Amino acid sequence: MTWPSIQDLCPPSGYRPDHPRRSLATQVMAAEQQRRLLTIIQQAQLGLDYQPMLQTQPDLQHLIHQIQTLMPAALTTPQRHLRLNQSLQAPLTVDGAERWMDATVNLGYQRGLPKLIDWSVRRPWPCWADAVKLWVAAEHFHRTERLNLNQLKLVVIALSFTQRPQSLVIRWNHQQHRQTQARIIQQLVNGDPVPAPKEDPELLALLDIRSIPEIAL
């Protein structure tokens, strides 16, 4: 049994205002930076002092300040309401064989309903990785909790070193779900990445994008 993941389906992405194609070294640095950012949020959740890390890493201090601006609860919400780095799985039949898709996401819970949360240095609009995460999450929660996929959404905090942070909310529906599933199957059958448009007009039509003072969990 194989377990394709987000990394298998989606090329590394991030906010690249000047360099449309990043080098492998830059991609590795971005992944490490994202890992350190998540570590700080995890320390904050546990009530540990994360200031020493920020003092030695001013770049992360800037990103944490942006998160505090748009989603201050991310640093104070207990683990029962904000679960970081959760692995979700969903089955998918491809050419008569069952495959299991895997996605690692951050989950915020409000009134018992999960929502996906992503804070990273990235462009403030939907990407293919967002659609894959939403597809996996929708299948996972429908199978485990009978959640209607229309109840699912992804909250994105798009961080930047050079611009103001922006937020967007991508709400999921049946049409997007079917289209994403078809594209995933095409990738798995062909064995090659199927890039989505940088600005997917169908996803853009579904999202609520704006700069706002704060997003609640």
Side-chain angles (χ1 to χ4, degrees), residues 6 13-15 30-88 103-127 129-134 136-138 140-141 144-145 147-172 203 206-217:
I6 292 285
S13 62
Y15 186 70
E32 174 61 18
Q33 186 179 69
Q34 182 69 16
R35 185 194 66 78
R36 290 185 285 127
L37 181 64
L38 189 63
T39 297
I40 289 177
I41 297 174
Q42 290 172 324
Q43 286 190 315
Q45 270 195 325
L46 296 172
L48 302 176
D49 183 12
Y50 58 85
Q51 291 301 325
M53 289 185 65
L54 296 183
Q55 291 172 2
T56 60
Q57 302 176 69
D59 56 336
L60 290 182
Q61 189 170 22
H62 177 74
L63 299 182
I64 289 294
H65 175 72
Q66 291 190 339
I67 292 176
Q68 289 174 320
T69 299
L70 287 183
M71 189 182 279
L75 300 178
T76 59
T77 301
Q79 289 180 322
R80 66 179 180 275
H81 296 306
L82 177 59
R83 302 174 187 177
L84 306 177
N85 264 359
Q86 298 294 297
S87 180
L88 305 181
T104 300
V105 301
N106 303 312
L107 294 172
Y109 281 83
Q110 188 175 38
R111 292 187 290 274
L113 291 177
K115 71 173 71 169
L116 279 63
I117 303 173
D118 175 48
W119 43 76
S120 58
V121 177
R122 56 170 287 173
R123 294 182 176 94
W125 55 70
C127 65
D130 296 333
V132 175
K133 287 179 182 178
L134 281 162
V136 173
H140 174 87
F141 286 115
T144 60
E145 301 181 20
L147 186 73
N148 190 314
L149 63 85
N150 287 319
Q151 296 175 284
L152 195 63
K153 62 184 176 181
L154 168 63
V155 177
V156 174
I157 305 299
L159 308 175
S160 171
F161 292 110
T162 59
Q163 301 182 24
R164 293 178 58 187
Q166 295 189 55
S167 61
L168 64 91
V169 178
I170 306 173
R171 303 180 188 278
W172 207 228
L203 274 178
L206 294 174
L207 63 83
D208 177 13
I209 178 170
R210 59 198 183 275
S211 293
I212 58 177
E214 178 180 332
I215 295 180
L217 289 178

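Please read all numbers here as calculations on a predicted model, not as lab measurements.
- Between P126 and I170, the closest heavy-atom pair is CB-CD1, 3.8 Å.
- Residues meeting the side-chain hydrogen bond (donor to acceptor under 3.5 Å, both in side chains) test with R80, sequence neighbours left out: none.
- For the side chain to side chain contact (heavy atoms under 4.5 Å, CB included) criterion with Y50, the lone passing option out of T39, L75, I41 is L75.
- Atoms CG and NZ, from L82 and K115 in turn, are 10.5 Å apart once rounded to the nearest 0.5 Å.
- To the nearest 0.5 Å, atom CG of residue N106 and atom NZ of residue K133 are 7.5 Å apart.
- Applying the side-chain hydrogen bond (donor to acceptor under 3.5 Å, both in side chains) criterion to Q45, with sequence neighbours excluded, gives no partner residue.
- In this structure, the side chains of L37 and V121 stay at 4.5 Å or more apart for every pair of heavy atoms.
- Considering CG of L154 and CG of D130, their distance stands at 5.0 Å, rounded to 0.5 Å.
- Ring geometry for F161 versus H62: interplanar angle under 30°, hence parallel rather than tilted (30 to 60°).
- Looking only at distances, no side-chain donor or acceptor of Q55 sits under 3.5 Å from a matching main-chain atom of M53.
- Contact annotation: the side chain of L70 never approaches that of Q66 to less than 4.5 Å [non-hydrogen atoms, C-beta and beyond].
- Nearest heavy-atom pair across D59 and Q33 is OD2-NE2, 3.2 Å.
- Within the 4.5 Å cutoff, side-chain heavy atoms of L107 are placed close to those of L116.
- For the pair D118 and V105, the minimum side-chain heavy-atom distance is 4.5 Å or more.
- Nearest heavy-atom pair across W172 and L134 is CE3-CD1, 3.5 Å.
- Between Y109 and R83, the closest side-chain pair of non-hydrogen atoms falls below 4.5 Å.
- With a 4.5 Å cut-off on side-chain heavy atoms, F141 and L88 count as touching.
- If you take CG on L46 and CD on Q79, they are separated by 5.0 Å, rounding to the nearest 0.5 Å.
- Here L159 contributes atom CG and R164 contributes atom CZ; the two are 13.5 Å apart, rounded to the nearest 0.5 Å.
- To the nearest 0.5 Å, the span separating CD1 on I157 from CE on M71 amounts to 4.0 Å.
- In this structure the side chain of Q42 never reaches within 4.5 angstrom of the side chain of L48, judged on heavy atoms.
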